[in-house]
Amino acid sequence: MKIASFNINGIKARLPRLKEWLEETRPAVACLQEIKTQDEGFPAAEFEEIGYHAIWHGQKAFNGVAIVADGQAPVEMKRGLGIDGPKEGEGEQARYLEADVNGVRICNLYLPNGNPQPGPKFDYKLAWMKLLRERMLELLAAEQPTVVLGDFNVIPEDKDVYAVKAMEDDALMQPESRDAYKRLLGDGWTDAIDTLNPRGGVWTYWDYQAGAWQKDHGFRIDHLLLSPQAADRLVAAGVDKEYRGREKASDHAPVWVELRD
DNA sequence: ATGCCCAGGACGCCTGGA
């Protein structure tokens, strides 16, 4: 069972590329982030056409997450972590969606970026990570095969970035962000990509600017965390890097994990 | 030392991203 995550940076702008990727790699489940559309604008029929069924949690212009599954509808289990955005009165941002597919709990997240730091956006990121940890502890207690995946906006270690110097002041690799991520692993979650690539050097994001893709100036911020019951079934994990190089590409590449059936 | 490039929307400039 292949489970994937892809920050698509706008579902309307990315639809042809996204359908191409689904048809070519055919994941059983794909978690999407930054769909950047309100619920009523979500192109559900486009997925039905190629055999995928979707659930989604959108908002106007920014953020937004969706889960699509091959040949069956994901069964929604939770929407949102219950935390308001950093702006006064804006309510909760669309960043978290949880569903069951084939007995596996799928938790799709788009963690706040946190820049600039320090400041209210960074505080929001850390508060969000605290709530996420609480939710993930509940998930561990349930002892169901569970995958928590998405755009974590955290560079876990120095080996996960092309140049430490270039990113040292960024919210993605501040000690507080890294410590919060490390606490998740300490609770018993397995970072699938890191486990299979312990020397690092695996990127999931390349900036549109300054020829980052051409120079391979990337970093790893999209992660797949497995509960013990899922980690027992880990077969392979990887990055569909090639898709970052296509026309009208997202600035992220898809990441995936294969679990034994 | 800064900006480079994108997407979306209020639209010919702004926010937000990372």
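Keep in mind the model is a prediction, meaning the values are calculated, not measured. Every chain is numbered from 1 and lettered A, B, ... according to where its sequence line falls, protein lines coming before strand lines.
When rounded to the nearest whole Å, the span between NZ of Lys165(A) and P of dA1(B) equals 11 Å. The interatomic distance linking Leu15(A) (CG) with dA7(B) (C1') rounds to 15 Å, in whole Å. Atom CD in Gln38(A) sits roughly 11 Å away from atom C1' in dG9(B) (whole-Å rounding). Atom CH2 in Trp206(A) sits roughly 16 Å away from atom P in dC6(B) (whole-Å rounding). Atom CH2 of Trp213(A) and atom P of dC6(B) are 14 Å apart (whole Å).
Annotation for Trp213(A) and Lys241(A): closest pair CH2-O, 3.5 Å, computed over non-hydrogen atoms.
Within 4.0 Å of Lys125(A), counting heavy atoms only, lies no atom of the nucleic acid at all. Residue-level contact check: Ala61(A) touches the backbone only, with heavy atoms under 4.0 Å from sugar-phosphate atoms and none from bases.
dA18(B) and dC4(B) have their C1' atoms separated by 14 Å, given to the nearest Å. dA10(B) and dG16(B) have their P atoms separated by 14 Å, with the value rounded to a whole Å. Remark: the separation of the C1' atoms in dC6(B) and dC11(B) is 16 Å, to the nearest Å. On the C1' atoms, dG3(B) is 15 Å away from dG17(B), given to the nearest whole Å.
In this structure a side-chain-to-backbone donor-acceptor pair under 3.5 Å is missing from Gln117(A) to Phe122(A). The main-chain N or O of Ile155(A) is found under 3.5 Å from a side-chain atom of Arg178(A) such that the two form a donor-acceptor pair.
Within the 4.5 Å cutoff, the side chain of Phe219(A) has no heavy atoms near those of the Met173(A) side chain.
Ionic pairing of Arg95(A) and Asp151(A) is not present here: no N-O contact between side-chain nitrogen and carboxylate oxygen is shorter than 4.0 angstrom. Salt-bridge annotation for Asp70(A) and Lys2(A): absent, with no side-chain N of the basic residue lying under 4.0 Å from a carboxylate O of the acidic one.
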ask   = Base, backbone or nothing for each nucleotide of nucleotides 10-18 of chain B, written B, S, -, heavy atoms under 4.0 angstrom, 5' to 3'?
value = S----BSSB
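When each of Gly211(A) and Ile35(A) is assigned the nucleotide of DNA chain B bearing its nearest heavy atom, the one mapping closer to the 5' terminus is Gly211(A).
Taking Glu90(A) as the reference, Gln93(A) meet the side-chain hydrogen bond (donor to acceptor under 3.5 Å, both in side chains) condition, with sequence neighbours excluded.
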